[in-house]
Protein chains: 2
Amino acid sequence: MTAHDPDIERRLEAFAETCRRRGLKLTHQRTEVFRELTAGAEHPDAETIYRRVSRRIPSISRDTVYRTLATLEEHGLVRRAEMLAGSARFDANMDRHHHFVCNRCGRVYDFYSEAFDEIALPRALSDLGRIELCHVQLRGICADCARAEH
Amino acid sequence: MTAHDPDIERRLEAFAETCRRRGLKLTHQRTEVFRELTAGAEHPDAETIYRRVSRRIPSISRDTVYRTLATLEEHGLVRRAEMLAGSARFDANMDRHHHFVCNRCGRVYDFYSEAFDEIALPRALSDLGRIELCHVQLRGICADCARAEH
DNA sequence: CTTCTAAATCGTAATGATTCTGATTTAGGA
DNA sequence: TCCTAAATCAGAATCATTACGATTTAGAAG
């Protein structure tokens with residue numbers, strides 16, 4: 001996770017490319033918000049991203065962070081993880097994956113599952129409307145918190 | 001859905017019984033909040049419940065509605081449906097079911113699916129922690145809104 | 001390299017949802 | 001009927017997010 005991680009450089013290049021293709025201006029702020037998300041595997045909330053990017057761009061405003069996250073989500077560059085309470089959590093890992101949220105500490109863990117990816121939607125659903133997104137969310141107590149309980 | 005719907009009476013009796021068993025005081029406010037949820041199939045948010053119950057108990061406070069919903073959820077009497085944005089939505093239907101949320105109007109539709117109920121969790125998950133809840137949420141455009149678009 | 005303009009940003013105020021506080025009331029047991 | 005912990009009330013406070021009006025800037029065009 002150094003300043004010159006080739007993986008991150010590559011993702012930033014892909015990010016720049018997508019922005020260009022979509023007609024999104026490639027601003028310093030946008031790049032730094034995206035870098036913050038693509039650098040780590042945590043799922044920080046908007047406030048955390050704001051705090052971290054502020055160290056590099058002291059003048060950035062919360063509004064920009066919120067708007068940028070919404071824009072990136074619209075263009076499929078980041079994902080928003082729903083929480084039962086509190087703030088939304090973001091993620092630049094766009095591979096098909098699912099989330100396990102700890103009810104105690106709130107951490108969001110990624111996991112992969114073909115069964116979940118391929119789950120068949122009940123036919124009756126087409127009466128309800130057009131499905132755009134299927135989202136499985138697991139909740140429970142993560143191993144760390146379970147250990148801490150004893 | 002009349003004032004004396006026998007089904008609702010039965011559910012209110014079960015509610016009273018659960019409260020007694022759990023040592024929860026059976027207050028007028030609690031009963032009316034629960035009645036509001038068990039009477040309809042919509043998924044009102046806290047503010048809506050507050051507004052409706054206020055007609056019968058003008059002195060009820062928002063705080064009571066919020067606290068009551070949290071208490072009922074804790075005791076397995078209502079479910080909270082997560083929303084991508086906006087306010088949480090509640091539901092007294094405790095049968096195993098899933099939600100389809102319309103991205104346009106925000107309505108929450110219930111549906112049933114054995115495939116979803118019985119979905120196998122990946123084995124690797126047990127390393128992450130203890131799963132307590134598996135929740136499939138679909139998003140899209142409901143039939144009503146799709147019609148309105150044309 | 002300069003000019004132009006729509007898009008993006010900034011700082012702050014406003015909003016909406018929810019929770020907290022401290023005083024008061026009440027359900028249900030003794 | 002009395003007592004007490006639990007629940008309620010009204011309103012202030014907090015937290016997350018969005019809106020607003022003024023200013024700046026990325027990137028296209030000349």
Side-chain angles (χ1 to χ4, degrees), chain A residues 12 15-34 36 43-75 77-78 80-90 106 108, chain B residues 12 15-34 36 43-75 77-78 80-90 106 108:
Chain A
L12 283 171
F15 170 73
E17 175 52 28
T18 303
C19 286
R20 249 173 263 127
R21 211 173 40 238
R22 304 288 199 111
L24 291 175
K25 290 186 177 172
L26 194 61
T27 65
H28 186 27
Q29 290 86 340
R30 263 178 197 164
T31 307
E32 292 308 311
V33 166
F34 182 78
E36 201 52 56
H43 299 72
D45 61 12
E47 181 65 23
T48 303
I49 296 168
Y50 167 70
R51 211 165 347 93
R52 292 184 188 162
V53 175
S54 288
R55 293 202 287 259
R56 277 170 277 146
I57 313 177
S59 71
I60 199 172
S61 77
R62 275 188 186 75
D63 184 57
T64 298
V65 172
Y66 277 98
R67 259 183 312 89
T68 299
L69 289 169
T71 305
L72 299 187
E73 190 191 10
E74 256 173 58
H75 291 83
L77 289 160
V78 308
R80 179 187 302 261
E82 297 185 64
M83 302 288 296
L84 212 55
S87 41
R89 305 293 214 78
F90 297 87
V108 179
Chain B
L12 283 171
F15 169 73
E17 174 52 28
T18 304
C19 286
R20 249 173 264 128
R21 210 171 41 238
R22 303 290 198 113
L24 291 176
K25 289 185 179 172
L26 193 61
T27 65
H28 187 27
Q29 290 88 338
R30 264 179 196 162
T31 306
E32 291 308 311
V33 166
F34 183 78
E36 201 52 57
H43 299 71
D45 61 12
E47 181 64 25
T48 303
I49 296 167
Y50 167 70
R51 212 166 347 93
R52 292 185 189 162
V53 174
S54 287
R55 292 202 288 259
R56 277 169 277 144
I57 313 179
S59 72
I60 199 170
S61 78
R62 274 188 187 74
D63 183 59
T64 298
V65 173
Y66 278 97
R67 259 182 312 91
T68 300
L69 289 169
T71 305
L72 298 187
E73 191 192 8
E74 255 172 59
H75 290 84
L77 289 160
V78 308
R80 179 187 302 260
E82 297 185 64
M83 303 287 296
L84 212 54
S87 40
R89 304 294 213 79
F90 297 87
V108 179

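Not measured: the values here are computed from a predicted model. The sequence lines fix the lettering, A, B, ..., with proteins before strands; numbering per chain opens at 1.
No salt bridge links A/Arg55 with A/Glu36; every basic N to acidic carboxylate O contact stays at or beyond 4.0 Å. Ion pair B/Arg52/B/Glu32 not flagged as a salt bridge, since none of the NZ, NE, NH1 or NH2 atoms sits closer than 4.0 Å to an Asp/Glu carboxylate oxygen.
Nearest-nucleotide mapping onto DNA chain D: of B/Val65 and A/Glu47, the residue sitting toward the 5' end is B/Val65.
Side-chain N or O atoms of A/Arg62 include none that pairs as donor or acceptor with a backbone N or O of A/Glu47 at under 3.5 Å. Although no hydrogens or angles enter the test, the distance criterion places a donor-acceptor pair under 3.5 Å between the side chain of A/Thr68 and the main chain of A/Thr64. Checked by atom type and distance alone, the side chain of A/Arg89 pairs as donor or acceptor with a backbone atom of A/His43 at under 3.5 Å. Looking only at distances, no side-chain donor or acceptor of A/Arg80 sits under 3.5 Å from a matching main-chain atom of A/Glu73. The closest donor-acceptor contact from the side chain of A/Thr31 to the backbone of A/Thr27 lies under 3.5 Å.
Residue A/Tyr66 places at least one side-chain N or O closer than 4.0 Å to OP1 or OP2 of D/dT17.
Spacing between atom CD1 of B/Ile57 and atom P of D/dC9 amounts to 7 Å, rounded to whole angstrom units. Rounded to whole Å, the distance from CZ on A/Arg22 to C1' on D/dA26 is 19 Å. Distance A/Arg62 CZ to D/dT14 C1': 13 Å, rounded to the nearest Å.
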Reading nucleotides 2-9 of chain C from 5' to 3' and marking B where a protein heavy atom lies under 4.0 Å of the base, S where only the sugar-phosphate is that close, and - otherwise, the string is ----BBSB
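Note that the two end axes of the helix from C/dC1-D/dG30 to C/dA30-D/dT1 enclose an angle of 30°, each drawn from 5 base pairs, rounded to 10 degrees.
Among residues two or more places apart in sequence or in another chain, the side chain to side chain donor-acceptor pair (under 3.5 Å) test is passed with B/Arg22 by none.
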